[in-house]
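Take a look at the structure below.
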Amino acid sequence: MNDQNSAPLTTLRIGQGYDVHAFCPGDHVVLGGVSIPYKLGVQAHSDGDVVIHSLCDALLGAAALGDIGMHFPDTDPRWKGVDSRHFLRHVRGLLGERGFSIVNVDITVLADAPRLGSHRQVMQANLAADLGLTTDRVNIKATTTEGLGFIGRGEGLACQAVAMIQMSAK
Ligand code: MG
């Protein structure tokens with residue numbers, strides 16, 4: 001009989017995440033743990049890193065562990081201005097405690113500016129380090145929205161992430 005109790009020895013699971021932050025007066029934007037100089041900043045309780053926030057949600061989603069707001073509520077003063085890499089390392093730990101390992105992650109930054117350019121490799125290395133992965137399991141892409149919508153008007157930026165995780169055989 002093939003039902004949910006006859007689980008295979010190894011189970012792959014997928015999750016997706018999405019995050020948006022609005023621009024505000026400032027001089028840099030944090031993406032993937034990299035502080036990128038820019039003419040604006042982002043409104044956020046933490047450092048407003050849309051790459052890491054969407055990635056945390058993808059990982060939590062794959063493990064059916066809710067979302068980043070449940071684990072790090074923005075009403076909690078402990079998370080004010082915090083480096084979002086702390087969130088990512090914590091999420092990695094939550095998955096590990098439950099027997100999940102991360103297979104790969106893929107990220108798409110949606111922004112007309114700032115351009116990722118040479119920062120992309122450092123972002124990739126940061127995320128790989130925090131997740132205990134080699135960099136060939138971490139991909140970061142970027143796209144504009146051709147001038148359309150809130151991103152095209154330069155009001156903010158967004159990020160989408162997907163993550164594949166694996167439950168190891170017991
Ligand atoms: Mg966020």
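When a ligand or atom number is given, it counts from 1 through the structure's own listing order.
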The N/O/S atom of His53 lying closest to the Mg ion (ligand 1) is ND1
The Mg ion (ligand 1) has as its nearest N, O or S atom from Asp19 the atom OD2
Pairing donors with acceptors under 3.5 angstrom, does anything connect the side chains of Asp19 and His53?
yes
In short, side chain to side chain donor-acceptor pair (under 3.5 Å) pairs touching residues 105-119 with sequence neighbours left out are Asp106-Asn139, Asp106-Lys141, Thr108-Lys141
Side-chain donor-acceptor contacts of residues 150-164 below 3.5 Å, not counting sequence neighbours, with atom names and distances?
unit_1 : atom_1 : unit_2 : atom_2 : d
Arg153 : NE     : Glu155 : OE2    : 2.8

Next item on the list: Could you tell me how the ring of Phe23 sits relative to the ring of Tyr38: parallel (under 30°), tilted (30 to 60°) or perpendicular (over 60°)?
Entry: tilted
| said: Can you tell me if, anywhere in Asp49, an N/O/S atom lies at a distance from the Mg ion (ligand 1) that is smaller than 2.8 Å? | reply: no
